[in-house]
Amino acid sequence: MLLYSFKNFTATKTVPDIPKSITESFQRLCTEYKYLPVEEIAQPLDFQPRPIVFYYLPSFASPEIQLYNDYRQQSSPLYIVLIIPKDNKNELKSQNEIKYEDYLLDSQLSEDWIERVLSSLEVKKESKQKLSKYIDLYNNLFTSSAIPMIVTCAYTNRIVMVNQATKDTISAKEEWLTQMNITELCHPDDMERMERNMASRTGERTVVRWCLPENNTLYIEFSAYNIIVNEYPASLVIFTDITQLIESRERERSSLSQFETIFDKTQEAILVFDDDGQIIDANRSAVKLFRAYNNQLKVSKIQPLMTDGLKKSFGQIWQTFLEHNQAKGITKIRDFENNQLIASYQLHKKLIGGYHLATILDITDNYQKNQETLCLNEIYRLLGQTQTFNEPFEMVLKRVCELAGYQTASLWVVDGAGKYLKNVSLGTHNFPESLSLASPIRLEHSADDWEVQVFRHGQAMRGKQMREINGGKAIECNSFILPLKSKHKVVGILSLCTQDVTLINKKHTSFCKSVADILGLKIVKLSALKDWDNVFNHSNNYICTIGLDGSFIKVNPRFCKELGFVKEEFYGKPFLQVVHPEDLGAARFDLDLMFSNNASSTFTNRCVAKDGTIHWIEWSATYESNTEIAYLIGKDITQEQSAKRQYLLEAENSGRILSSITDGYFMVNDQWRIQYANQAAEQLFDLDSQSHMGMYLWEVFNIHPYHPFFMQHVVAQDESREHSFIDFEEHSKKWLSVSCNPLNDGMAISYRDISTLKEQENKIEQMKSNLELLINNTDNYIWSIDSEKKLVTFNSIFAQRLAQKIGEQPQVGSEALNEKWSKEELTYWNSLYDRALAGESFFEEVSGFNPVKGEYEISEINLYPIYRDDEIIGVSCFSKDITEKEKYVRAIEEQNLKLREITWIQSHVVRAPLSRILGAVDLLMHDSQGNLPSAELLSCVDVSAREMDEIIHEIVRKASPYSPDSKSPADNLMVS
């Protein structure tokens with residue numbers, strides 16, 4: 001608040017004195033009060049304090065007014081209060097004789113005003129005396145209060161003083177704080193809200209952030225109030241540190257957000273239920289697990305869904321949950337389609353808002369695989385030492401039935417003559433009446449029997465089948481018949497049956513096949529033991545046994561004869577010692593693979609006889625982990641290899657053709673060893689033309705044989721069909737298109753490098769994405785139609801505009817001209833599309849109401865034909881809002897019209913009075929003898945000058961933007 005000094009009060013001596021009553025009143029003001037609020041006198045013209053001088057003007061005579069004007073000009077730094085006779089203020093101002101706009105008081109009003117001011121000041125003085133006794137109390141309260149408080153200047157917001165609670169709260173010294181503006185403590189993002197609150201000072205609570213030294217940020221809730229400190233207006237800021245409250249709320253919000261994310265996206269099924277087990281809520285995984293809708297789960301209870309556990313009944317689980325507030329384990333569950341699953345569960349009591357939480361995870365596959373693994377290990381153990389079809393086989397079949405859900409299992413083998421299938425196991429029978437499966441089945445005349453079909457074709461069969469039971473009756477069974485194979489040869493049959501078709505779990509198919517493979521190998525071993533000695537001694541094949549260290553244990557006579565050694569020379573000798581040096585690496589790998597996998601294997605290598613001759617031998621090897629002995633039977637294929645080399649020579653021309661193609665081409669044998677690679681393959685995979693022959697195919701890619709990339713090749717071999725796929729090959733860092741074609745004794749594989757094509761596809765996708773972003777990040781409407789006037793593409797703002805117009809979202813392929821439009825609109829737009837489809841590129845201006853913006857607008861529409869091979873296939877359309885542009889153009893045109901009117905006035909209307917004034921002045925200047933009537937000439941000049949003054953006012957009025965004739969651009973813009 002600005003104050004004006006009365007201390008140097010004076011009354012001017014150049015005019016008659018101010019009346020004594022007024023003078024005495026002013027003297028009293030100057031004596032008792034040094035300052036007076038400016039509102040009690042007048043609104044100041046500037047912000048600098050100036051001494052006040054009271055000037056008394058008793059009359060309106062021109063000399064007195066002239067004296068005042070002169071005094072005023074000389075006393076410009078003073079603030080002059082001009083006192084004039086009563087009721088003459090308006091008259092004096094109307095004569096326009098006072099040059100300065102000082103504050104005017106008439107004599108009567110001056111006395112009343114001074115008395116009123118004196119009375120007001122007396123009241124204020126008494127109030128101030130009454131309030132003085134509360135000042136000490138206020139200071140003590142401010143200093144000792146536990147509430148942080150800050151006093152700031154009401155105008156600048158500069159901190160004046162702070163109490164101890166403030167310094168303790170924000171950990172800052174008072175010297176540093178009193179140098180700051182309180183708004184400077186505020187975070188930039190919260191600055192506007194704090195300044196608005198400090199300006200109003202209504203006590204409104206506002207939360208902001210204060211940035212303090214050492215990167216310390218506090219959340220502050222403050223309120224500001226108007227107070228008076230040392231007779232000056234100030235602001236009292238009371239605040240509270242709510243940083244911990246805000247952080248705790250953020251943690252709660254973050255925890256709730258994380259829980260909601262976990263609840264919606266976790267793979268575990270989550271059920272929320274009350275004390276009675278009634279389900280309150282369920283997540284998506286629970287809906288998927290129980291094969292039900294969310295509403296179905298919410299009307300169900302948790303008890304029927306969780307059947308008896310594997311080790312505890314549900315009653316025991318529920319009792320444990322009630323006593324210990326939680327329970328966990330593995331149980332059986334049943335979904336809404338009556339399927340039974342195995343799941344792990346955890347129950348938590350009162351975890352969410354008084355409700356309980358159950359997390360359930362389907363582990364059926366893992367549990368089943370675990371049980372299958374345990375069962376297979378037990379089967380290996382049972383069959384490990386048996387040499388006959390006796391009790392261990394009965395135990396194996398019983399364990400298969402228990403795990404896979406069958407009621408009976410039987411083992412069949414072909415007799416020595418190959419004419420009958422004989423049941424060599426009593427099996428396990430849980431039927432009410434025994435099936436008559438013990439009778440041999442004749443292979444030549446029993447084609448209707450499933451066992452015979454499986455034996456002949458080597459393919460498993462599953463389905464419903466009529467079975468005879470004792471007494472001549474027949475029952476319907478669900479049967480699963482599997483062949484027992486050894487080297488793709490069927491050596492027996494495993495028959496599984498059950499009457500309860502709902503209990504068959506097809507997920508155990510792989511387990512049953514694994515059991516069939518184990519039984520097939522065991523049957524082969526048992527059959528082989530009978531004639532092993534005869535076969536060993538009289539076979540034309542090379543037969544030997546080797547230990548885990550790779551040394552010979554026993555060799556047959558044919559082996560010794562062909563290689564030229566005696567038996568004693570083999571005993572203790574390493575098998576690799578008779579292998580050709582070039583095949584040592586592959587032979588060592590084949591043996592290691594057989595020993596590590598405990599499985600049969602087939603491989604080929606060259607052996608060197610004592611006389612140096614080379615023999616190509618194809619080995620079939622079986623390793624028995626119990627005895628740590630490997631059985632190797634070799635077939636001499638030297639002649640076949642010679643024939644194959646001859647074949648390869650004859651196929652050289654074909655090889656030249658393969659070498660000329662751009663795709664990489666490999667031929668591998670049935671062991672995946674490379675037999676041929678064309679030049680493109682060598683360049684594609686950076687291979688040496690000689691060293692890659694005989695390599696395993698997976699070595700080309702520097703991966704192991706179970707790598708997913710190589711396993712896709714194996715699909716063609718396992719399924720005996722052509723198989724193609726596309727994958728990224730990590731070793732060469734290329735995208736490859738692979739085609740695998742099975743051959744009689746191997747595989748033909750071609751590789752095509754499609755990395756460039758993949759890059760182009762990625763660029764096309766990126767360009768498509770960029771184009772969508774471009775057309776959707778603009779305020780212009782963009783769309784296109786085909787030749788049948790159907791929408792092809794459009795951006796989001798066009799879709800929004802059209803949806804509000806027709807009441808539904810537009811779709812690609814929908815009609816561009818909707819039947820909900822008016823007839824005039826359909827006719828108009830139909831004509832525009834016809835012109836563009838005829839090959840014309842043009843633009844049109846259209847005006848109308850835009851429901852998206854809620855106002856009328858003018859749009860410029862551009863239409864361009866779309867060509868493909870010189871044929872128009874559609875139209876590209878662009879619409880741009882030019883409303884503001886049109887408003888601006890029309891405003892410029894109206895301004896130009898005004899300027900032309902002003903120019904015409906200046907060039908024509910002003911000329912006439914100006915000419916008369918110039919003529920009269922010229923006459924007066926040349927009339928040296930005073931012959932001309934000066935009064936008439938001066939009257940003429942006066943009339944002409946006043947006329948010119950009116951003309952100038954008219955020009956100013958027309959040029960003013962607020963003149964009555966002017967109109968805003970918005971008023972002149974008319975849109976339909």
Side-chain angles (χ1 to χ4, degrees), residues 579 582-597 599-606 618-619 621 644 648 651 654-762:
V579 177
E582 294 181 2
D583 294 346
L584 283 175
R588 185 178 292 108
F589 175 82
D590 293 329
L591 292 178
D592 292 342
L593 187 65
M594 177 187 65
F595 287 134
S596 60
N597 292 341
S600 301
S601 62
T602 303
F603 54 91
T604 302
N605 56 32
R606 290 170 289 178
E618 181 181 49
W619 296 99
K644 184 178 291 186
L648 293 175
S654 300
R656 291 173 183 169
I657 297 174
L658 293 175
S659 298
S660 64
I661 63 177
T662 57
D663 292 351
Y665 188 85
F666 285 104
M667 291 183 64
V668 298
N669 61 13
D670 55 2
Q671 300 175 33
W672 297 98
R673 289 182 180 272
I674 298 174
Q675 303 297 314
Y676 172 79
N678 68 349
Q679 188 175 1
E682 295 174 355
Q683 294 175 355
L684 183 62
F685 299 107
D686 193 21
L687 299 175
D688 182 76
S689 58
Q690 297 297 327
S691 62
H692 64 269
M693 296 301 295
M695 289 174 55
Y696 289 101
L697 183 62
W698 57 78
E699 295 178 341
V700 173
F701 308 108
N702 196 23
I703 58 176
H704 56 79
Y706 302 105
H707 192 279
F709 178 76
F710 180 72
M711 292 306 295
Q712 294 195 69
H713 296 67
V714 181
V715 173
Q717 184 188 61
D718 290 346
E719 300 181 2
S720 300
R721 63 176 179 84
E722 181 182 352
H723 178 63
S724 301
F725 63 93
I726 296 175
D727 202 350
F728 181 76
E729 201 282 300
E730 297 177 356
H731 181 62
S732 62
K733 305 298 182 184
K734 296 174 182 177
W735 281 93
L736 300 177
S737 175
V738 185
S739 178
C740 305
N741 296 276
L743 303 175
N744 291 333
D745 56 351
M747 187 82 66
I749 310 167
S750 65
Y751 300 91
R752 176 174 297 177
D753 185 359
I754 60 170
S755 301
T756 304
L757 179 61
K758 276 288 184 179
E759 292 178 0
Q760 293 176 351
E761 291 178 354
N762 293 335

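- Ring planes of Phe589 and Trp698: tilted class, angle from 30 to 60°.
- Looking at heavy atoms from C-beta onward, Ile726 lies in side-chain contact with Lys758 at the 4.5 angstrom threshold.
- Summarising the geometry, atom CG belonging to Asp718 is positioned 7.0 Å from atom CE belonging to Met711; distances are rounded to the nearest 0.5 Å.
- Within the 3.5 Å criterion, the main-chain N or O of Gly664 finds no donor-acceptor partner in the side chain of Asp753.
- When side chains are defined from C-beta on, Val738 does not count as touching Asp727, because their heavy atoms never get closer than 4.5 Å.
- Note that the NZ atom of Lys734 and the OG1 atom of Thr756 stand 10.0 Å from one another [nearest 0.5 Å].
- Using a 4.5 Å cut-off on side-chain heavy atoms (C-beta onward), Val714 and Trp672 make contact.
- Tyr665 and Ala681 make their closest contact through N-CB, 3.6 Å (heavy atoms, listed as atom of the first residue, atom of the second, distance).
- Using a 4.0 Å cut-off between charged nitrogen and carboxylate oxygen, Arg673 and Asp583 do not count as a salt-bridge pair.
- Distance check: Gln760 CD to Ile754 CD1 gives 11.5 Å after rounding to the nearest 0.5 Å.
- Note: His713 and Tyr751 have tilted aromatic rings, judged against thresholds of 30 and 60 degrees for the angle between ring planes.
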Is there a side chain to side chain contact (heavy atoms under 4.5 Å, CB included) between Asn605 and Asp590 once you walk through the steps?
CA-CA 10 Å; Asn605 56 32; Asp590 293 329; 5.8 Å; no
Determine, step by step, whether Leu591 and Phe603 satisfy the side chain to side chain contact (heavy atoms under 4.5 Å, CB included) criterion, reporting the C-alpha distance in whole Å, the side-chain angles of both residues, the deciding distance to 0.1 Å, and the verdict.
CA-CA 9 Å; Leu591 292 178; Phe603 54 91; 4.2 Å; yes
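- Residues Val700 and Met695 approach most closely at N-CE, 4.1 Å, considering heavy atoms.
- For the atom pair Glu699 CD and Leu687 CG, the distance stands at 11.0 Å (nearest 0.5 Å).
- Put simply, CE on Met747 and NE2 on His723 are 10.0 Å apart, with the number rounded to the nearest 0.5 Å.
- Counting heavy atoms of neighbouring residues, nucleotides and ligands inside a 6.0 Å radius, atom CZ of Arg606 exceeds 12 of them.
- The shortest side-chain heavy-atom distance between Phe685 and Phe666 falls under the 4.5 Å cut-off.
- Looking only at side-chain heavy atoms (C-beta outward), Thr602 and Asp670 stay at 4.5 Å or farther from each other.
- Residue Ile749 comes nearest to Leu697 through the heavy atom pair CD1-CD2, 3.4 Å, listed as atom of the first residue, atom of the second, then distance.
- Atom CD of Glu722 has more than 12 neighbouring heavy atoms from other residues, nucleotides or ligands inside a 6.0 Å radius.
- Of all heavy-atom pairs spanning Val579 and Ala587, the tightest one is CG1-CB, 4.1 Å.
- Separating the CG atom in Asn597 from the CG atom in Asp592 is a distance of 10.5 Å, to the nearest 0.5 Å.
- A perpendicular orientation is assigned to the rings of Phe709 and Phe725, their planes being inclined by more than 60° (bins at 30° and 60°).
- The residue from Cys740, Ser739, Ser737 that alone fulfils the side chain to side chain contact (heavy atoms under 4.5 Å, CB included) condition with Ser724 is Ser739.
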